[in-house]
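Right, one structure below, let's go through it.
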Amino acid sequence: MQPVVTIPPSGNEPKTYMNPLIFAAYLAAVVALFVADVLTPRGATPVIGYCVIPLLAVQTRRRWFILGIMGLCTVLTWAAYFLEPPGASAWVSVFERIMVTSVLWFSFVLVWQRMSALSALARQAQLLAETNRELSRSNQELDAFASVASHDIRGPLATTAMFASLLAKRLVGKIDRESTEWLSLIQSEVQRMNSVVESLLEYSRFGAERLEVVECECEAILANVLDGLKADLIANGAEVNHDPLPRVTGDPVQLAVLFQNLIANAIKYRSEVHPKIYLSFASEQDGWKFSVRDNGVGIDPADADRIFQLFERGQGSHAAKGWGIGLATCKKIAELHGGRIWVESAPGRGSTFYFTITNRNSSSRAISTLARETEQTRSATA
Ligand code: ADP
């Protein structure tokens with residue numbers, strides 16, 4: 001679902017009134033400089049103090065106030081020329097006032113540019129925050145929809161399966177071969193439907209709020225997964241080998257599903273030869289990188305990104321074996337673990353799926369170090 005984001009128009013910030021004391025303080029400073037300028041003889045130039053005014057006024061973040069005070073300073077700079085008592089020659093005063101006016105407006109341009117950049121930055125940050133909010137809301141809605149839909153479909157499916165099997169038992173020997181085939185077709189389709197509902201439920205079950213991160217042994221997780229897949233492994237004559245696997249920080253239930261989906265796919269999408277599956281891993285700076293290599297039918301590189309989306313399947317007759325939920329679940333799990341998943345493959349050459357997991361201990365250490373350094377920089381520049 002495309003997130004709906006409204007871009008706030010420029011200058012749409014909520015209006016607040018300026019503190020009258022601050023307003024009065026700026027006016028008092030300008031008037032004081034003007035009086036000093038008028039009282040001192042020509043040649044002495046207190047008006048140079050006007051240059052500080054826009055730099056101070058930037059704190060108010062009100063462009064029109066800054067512009068107004070600039071106009072006032074400019075008018076007073078030149079008005080004082082006619083009011084000040086005689087002193088140095090007139091050209092000295094004119095020269096000084098031209099210099100003051102130039103510096104005044106030059107600093108105004110800088111201030112204006114800085115404020116434009118700051119407000120553009122603030123709008124971008126606001127836009128990003130809104131996009132994130134919309135995205136997580138639509139993800140939550142999608143998960144809730146998948147969960148509710150799957151639960152509601154389960155009941156009628158179970159009833160259909162039960163009556164189809166009762167019917168099959170009661171009609172044994174009483175119906176012709178074609179009708180028996182139709183009945184078994186109904187049963188197998190109900191079973192298929194049931195498996196998609198289970199997969200959808202599994203997909204919607206995994207969310208950030210349900211992530212339970214602990215230290216877990218991947219060797220033990222893999223042993224459990226292989227135990228669960230034993231029947232499939234034996235039926236296909238599959239061989240699974242692996243590197244010594246590490247202890248990681250993650251949710252053991254989710255990681256088990258990740259391993260299971262990848263190994264089950266390696267069996268499901270096997271080629272003519274017996275499946276040979278190899279799991280390896282490498283330590284990375286902030287986590288671990290795993291790979292699951294097989295000698296199956298392989299994947300067209302053009303599909304390498306698409307197959308990780310929900311309900312997306314590969315091409316060819318073998319893709320009809322599934323619903324396109326398994327890899328989407330793997331992607332969700334890898335991302336919940338601060339990592340990513342991708343595949344390298346070519347048709348007929350087997351596939352290697354890679355996924356990464358972030359080491360939560362090192363990332364939380366890194367975050368606290370960063371926070372400490374930011375705090376130090378802030379207090380040093382304050
Ligand atoms: P499904 O439930 O359909 O298997 P997946 O999301 O697990 O869904 O896989 C999506 C598609 O990716 C499959 O339709 C298949 O074409 C391709 N695929 C996944 N794993 C493999 C593999 N190990 N070898 C070849 N193709 C694969």
Side-chain angles (χ1 to χ4, degrees), residues 139 142-143 146-147 149-150 153-154 157 188-206 222 225-226 228-229 231-233 235-242 254-281 289-337 339-356:
N139 278 346
L142 191 68
D143 286 356
S147 165
S150 325
I153 295 167
R154 258 183 153 186
L157 263 185
S188 73
E189 284 305 298
V190 167
Q191 214 167 14
R192 247 167 72 80
M193 195 72 181
N194 210 33
S195 85
V196 72
V197 168
E198 299 260 314
S199 310
L200 255 184
L201 268 176
E202 189 170 80
Y203 178 82
S204 61
R205 213 176 56 225
F206 297 138
L222 182 66
V225 167
L226 293 181
L229 291 171
D232 261 359
L233 290 168
N236 288 278
E239 191 185 309
V240 182
N241 291 299
H242 61 90
Q254 296 197 10
L255 291 179
V257 172
L258 183 46
F259 279 121
Q260 168 168 319
N261 285 358
L262 293 180
I263 297 171
N265 274 355
I267 303 170
K268 193 164 32 164
Y269 300 107
R270 58 169 287 189
S271 58
E272 303 290 301
V273 297
H274 290 301
K276 279 197 171 156
I277 304 162
Y278 194 87
L279 279 83
S280 53
F281 110 94
K289 178 167 123 185
F290 291 84
S291 71
V292 180
R293 192 179 70 225
D294 67 47
N295 57 347
V297 291
I299 298 164
D300 187 335
D303 291 334
D305 288 334
R306 193 176 56 80
I307 54 172
F308 292 99
Q309 305 302 321
L310 194 59
F311 298 125
E312 289 288 348
R313 293 181 292 180
Q315 286 157 12
S317 54
H318 52 267
K321 292 174 188 166
W323 294 92
I325 302 175
L327 289 182
T329 309
C330 292
K331 182 171 188 272
K332 198 172 181 183
I333 296 173
E335 286 172 358
L336 283 172
H337 284 77
R340 62 191 192 99
I341 186 167
W342 69 101
V343 64
E344 284 172 9
S345 180
R349 314 262 311 257
S351 317
T352 308
F353 283 85
Y354 295 91
F355 67 90
T356 55

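For ligands, and for the atoms within them, numbers begin at 1 and follow the listed sequence. Worth knowing before you read on, the calculation uses all heavy atoms, side chains too, and leaves out hydrogens, waters and symmetry mates.
Per-residue contacts place Gly314 under 4.0 angstrom from the following atoms of ligand 1 (heavy atoms of the residue considered): 11 (C), 13 (C), 14 (O), 15 (C), 16 (O). The Ser351 neighbourhood of ligand 1 comprises atoms 24 (N), 25 (C), with distances under 4.0 Å to a heavy atom of that residue. Every atom of ligand 1 with a heavy atom of Glu312 under 4.0 Å away is listed here by number and element: 10 (C). Numbered from 1 in the order shown, with element, the atoms of ligand 1 that lie under 4.0 Å from a heavy atom of Gly326 read 2 (O), 5 (P), 6 (O), 7 (O), 8 (O). Within ligand 1, counting atoms from 1 as listed, the ones closer than 4.0 Å to a heavy atom of Trp323 are 1 (P), 2 (O), 3 (O). Atom numbering of ligand 1 starts at 1 in the shown order; those under 4.0 Å from a heavy atom of Arg313 are 3 (O), 11 (C), 14 (O). Those atoms of ligand 1 that come under 4.0 Å of a heavy atom in Gly298, given as number and element, are 25 (C). Near Ile325, the atoms of ligand 1 lying under 4.0 angstrom from a non-hydrogen atom of the residue are 2 (O), 6 (O), 8 (O).
Side-chain atoms of Ser345 come within 3.5 Å of backbone N or O of Gly350 as a donor-acceptor pair.
Considering only non-hydrogen atoms, atom 15 (C) of ligand 1 lies nearest to Tyr269 out of Phe308, Phe311, Tyr269. The nearest non-hydrogen atom to atom 23 (N) of ligand 1, considering only Val343, Asp294, Leu262, comes from Asp294. Across the listed options Asp303, Asn265, Ile277, Asn265 owns the non-hydrogen atom lying nearest to atom 19 (C) of ligand 1.
Of all the heavy atoms of Leu327, the ones lying under 4.0 Å from any atom of ligand 1 are found in both the backbone and the side chain. Contacts between Gln315 and ligand 1, counted as non-hydrogen atom pairs separated by less than 4.0 Å, are absent for every part of the residue. The part of Phe353 lying near ligand 1 is the side chain, judged by heavy-atom distances below 4.0 Å.
Between Gly324 and ligand 1, at least one N/O pair is under 3.5 Å apart.
Other residues, nucleotides and ligands contribute only 12 or fewer heavy atoms inside 6.0 Å of the CG atom of Asp305. Counting heavy-atom neighbours within 6.0 Å of Glu189 CD, excluding the residue itself, gives a total above 12.
Residues Ile325 and Leu310 are in side-chain contact: their nearest non-hydrogen atoms beyond the backbone lie under 4.5 Å apart.
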